[in-house]
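Below is one structure, written out as structure tokens; the observations come after it.
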Amino acid sequence: MLIGREREIGQLKSAYQSEYSEFVAVYGRRRIGKTFLVRETFNYKFTFQHSGLAKSKMRKQLEAWKSSLKDSGGTPSRVPRSWLEAFDQLKELINKSREKKKVIFIDEMPWMDTKRSDFVPALEHFWNGWASARKDILLIVCGSATSWIINKIIKDHGGLHNRVTHKIHLHQFTLKECEQYSRQLKLGMTKKQLTECYMVMGGVPYYWSFFDRSISFAQNIDNMFFAEDAPLRGEFDELYSSLFRNPEPYIHVIDTLGKKLSGMTREELKENGKLSANGNLTKILEDLEYCGFIRRYSNLGNTSHRSVYQLIDSYTLFYYMYIKVNKHQDRHFWSKNLGTPQHNTWCGLAFERVCLMHIDQIKRALSIAGIMSSEFSWRSQKTESRGAQIDLLIDRSDDVIDVCEMKYYAEEYAFNQDEYAKLQNRMLRLAEETKTRKAVQAILITTYGLKQNEYSDIVQSVVTMNDLFLEQMK
């Protein structure tokens with residue numbers, strides 16, 4: 001049963017009901033549920049369904065195409081010798097179909113574009129020269145290699161330019177959707193456990209499916225990531241290899257960002273990662289942002305070249321802070337590190353990522369969902385203010401800037417004199433350096449709320465962990 005995805009299902013059904021032929025591109029990271037979404041929406045019924053073969057040459061791809069045609073009721077006389085011929089065989093199958101709307105689903109399409117295969121020109125010819133001239137074709141293409149879908153299909157400057165009629169970027173589940181999924185799996189988790197689970201692996205449904213409700217949360221994490229036969233032990237390499245044809249430069253940028261989790265400007269990235277300032281870096285950063293691994297935040301009060309790039313993906317953060325540093329391959333590495341300084345540091349950083357992925361819910365909790373706003377980060381440019389950094393600002397159209405302080409805590413959070421002074425200093429520096437005329441106010445986002453004491457009046461409003469489970473704004 002599908003959880004969430006109402007908007008995406010609506011887009012697919014709208015394309016199906018259109019009086020014209022439609023070209024739909026579905027993209028998103030590995031394990032996010034793209035194939036499941038399409039199959040469930042159409043009840044597993046397609047005029048033609050095919051999936052590209054991972055890391056296979058053109059001959060094998062064409063053999064698989066012939067096999068899919070036969071499975072769909074076609075009678076191809078031979079393995080096609082080219083993609084032009086392959087699409088001609090598909091035309092024959094479509095012409096024989098009596099279905100009102102012919103739904104063609106081609107999954108993992110990027111794998112089919114092998115070297116010197118001329119796959120994309122053949123696809124262009126099929127769509128531009130034949131399918132788009134009819135009114136009864138729904139072509140759905142899908143793939144985990146997000147950069148390929150973006151650059152070769154959606155942003156193509158050749159024959160497919162502006163041909164895609166529906167773009168569906170499938171994002172991770174929200175906390176609310178993960179709660180619904182956990183109920184479906186009968187995991188019996190509390191909101192705190194759900195939040196901690198999200199801190200480890202984000203809202204990727206496939207990862208959640210490995211949870212065993214008969215053992216504890218800590219045992220589950222050890223079994224999933226650290227045990228000798230852990231199903232997600234090698235996920236990092238597989239994840240980036242599936243998304244990018246040449247994953248090494250992407251992983252190098254991620255490695256560099258992983259060393260400074262507060263984020264880096266483009267100049268800092270080039271310096272720390274010894275990266276050249278060419279167009280390839282721009283493309284890598286754009287692709288990583290499209291895939292949801294990094295976020296690019298403008299630094300309030302500065303120009304775009306001071307944008308901050310920050311590692312945002314929960315699983316990737318967990319990989320760098322736990323999996324990668326498990327030098328001795330300890331099968332109980334997670335359990336043994338609970339309550340340590342390393343674990344406490346990770347909790348703080350991971351909770352921040354969860355908050356940054358739930359800004360809609362934060363705005364709803366603050367009753368400002370209907371107010372236009374932009375989200376920024378900010379860091380002081382003055383050397384004497386080193387450490388004056390704010391990871392989330394909500395710059396509102398009603399002349400208010402919310403300075404969001406994100407704290408993961410086992411009980412009500414209590415400000416002490418030191419924390420009070422730090423927050424006050426950040427707010428003063430922000431107002432002075434940006435010369436804003438807006439009201440600057442502090443928002444606390446924390447697990448269980450704010451404990452009242454002599455320092456608590458610095459906070460204007462409080463958002464709790466439960467608020468992050470609110471429904472996403474439609």
Side-chain angles (χ1 to χ4, degrees), residues 23-30 34-35 38-39 46-97 102-132 137-161 163-164 237-250 280 283 287 291:
F23 189 166
V24 180
V26 182
Y27 61 102
R29 64 178 287 161
R30 166 185 163 96
K34 301 178 296 297
T35 304
V38 176
R39 288 177 174 170
F46 304 97
T47 304
F48 175 70
Q49 179 181 193
H50 177 71
S51 182
L53 300 179
K55 300 176 183 178
S56 295
K57 293 184 179 180
M58 181 179 175
R59 174 69 184 181
K60 289 292 183 185
Q61 300 286 356
L62 291 169
E63 288 176 0
W65 181 270
K66 178 189 175 185
S67 177
S68 294
L69 284 167
K70 290 178 68 177
D71 290 342
S72 299
T75 55
S77 58
R78 64 181 182 192
V79 174
R81 290 171 292 189
S82 68
W83 282 113
L84 279 172
E85 184 179 343
F87 279 106
D88 280 342
Q89 291 177 343
L90 176 57
K91 291 177 193 176
E92 291 177 13
L93 176 69
I94 292 171
N95 281 329
K96 292 177 182 177
S97 173
K102 286 75 172 173
V103 183
I104 312 301
F105 178 35
I106 304 178
D107 199 5
E108 296 300 353
M109 180 175 273
W111 290 119
M112 300 162 67
D113 184 27
T114 56
K115 194 173 182 179
R116 292 191 294 274
S117 67
D118 287 329
F119 174 79
V120 174
L123 175 64
E124 291 173 3
H125 181 69
F126 168 76
W127 180 257
N128 294 338
W130 191 78
S132 64
I137 306 292
L138 172 54
L139 173 62
I140 305 170
V141 303
C142 188
S144 294
T146 301
S147 61
W148 189 95
I149 295 286
I150 293 288
N151 296 310
K152 293 291 186 78
I153 302 294
I154 294 173
K155 292 173 117 180
D156 179 66
H157 296 294
L160 290 177
H161 181 64
R163 296 297 184 177
V164 173
D237 291 333
E238 292 179 16
L239 174 61
Y240 284 87
S241 294
S242 73
L243 287 166
F244 309 110
R245 287 285 178 88
N246 180 24
E248 286 76 17
Y250 292 89
N280 193 43
K283 181 180 180 301
D287 287 347
C291 293

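These numbers were taken from a predicted model, which means no experiment stands behind them.
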Taking the side chain as every heavy atom from C-beta outward, state whether [X] and [Y] have any atom pair closer than 4.5 Å.
X    : Y    : answer
V24  : V26  : yes
L160 : V164 : no
W148 : I153 : yes
I154 : Y27  : yes
C142 : E108 : no
F105 : V141 : no
F48  : S68  : yes

Open item on the list: Show, in sequence, the C-alpha distance, side-chain angles and deciding distance for L53 and M112, and conclude whether the side-chain contact (heavy atoms from CB on, under 4.5 Å) test is met.
Closed with: CA-CA 7 Å; L53 300 179; M112 300 162 67; over 6 Å; no
Interatomic spacing from [atom1] in [X] to [atom2] in [Y] - rounded to 0.5 Å:
X    : Y    : atom1 : atom2 : result
W111 : F119 : CH2   : CZ    : 14.0 Å
R163 : W127 : CZ    : CH2   : 9.5 Å
F46  : S72  : CZ    : OG    : 10.0 Å
L138 : I104 : CG    : CD1   : 8.5 Å
K155 : I150 : NZ    : CD1   : 6.5 Å
L62  : S117 : CG    : OG    : 8.5 Å

Can you give me the closest heavy-atom contact between [X] and [Y], atom names plus distance?
X    : Y    : answer
G143 : P110 : CA-CD, 3.9 Å
Q49  : R39  : OE1-NE, 2.9 Å
T146 : R29  : OG1-N, 4.1 Å
M109 : L123 : SD-CD2, 3.8 Å
N128 : G159 : ND2-O, 2.7 Å
S82  : M58  : CA-CE, 3.9 Å

TODO: For side-chain contact (heavy atoms from CB on, under 4.5 Å), just list the numbers for Q89 and W65, CA-CA rounded to whole Å, side-chain angles, deciding distance to a tenth of an Å, and then say yes or no.
DONE: CA-CA 10 Å; Q89 291 177 343; W65 181 270; 4.0 Å; yes
When you measure from the side chain of [X] to the backbone of [Y], do you find a donor-acceptor pair of N or O atoms at a distance under 3.5 Å?
X   : Y   : value
Q61 : K57 : no
S97 : I94 : no
S56 : A54 : yes

Open item on the list: Checking E124 against D156 for the side-chain contact (heavy atoms from CB on, under 4.5 Å) test, could you report, in this order, the C-alpha distance in whole Å, the side-chain angles of both residues, the deciding distance, and whether it holds?
Closed with: CA-CA 11 Å; E124 291 173 3; D156 179 66; 3.9 Å; yes
- [ ] Go through the steps for N95 and L93 under the test side-chain contact (heavy atoms from CB on, under 4.5 Å), then give the verdict.
- [x] CA-CA 6 Å; N95 281 329; L93 176 69; over 6 Å; no
Open item on the list: Check the orientation of F87 and W83. Use parallel for under 30°, tilted for 30 to 60°, and perpendicular for over 60°.
Closed with: tilted
Task: Pairing residues for T35 by the side-chain hydrogen bond (donor to acceptor under 3.5 Å, both in side chains) criterion, not counting sequence neighbours - done: D107
TODO: In plain terms, say whether R59 and E63 are close enough for a salt bridge, that is, a side-chain N and a carboxylate O under 4.0 Å apart.
DONE: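 Salt bridge flag = yes for E63 with R59.
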- [ ] Say whether T75 and K70, considering side chains only, have a donor N or O and an acceptor N or O under 3.5 Å apart.
- [x]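 Side chains of T75 and K70: no pair found under 3.5 Å.
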TODO: Establish, yes or no, whether a centroid distance under 6.0 Å links the rings of F244 and Y250.
DONE: yes
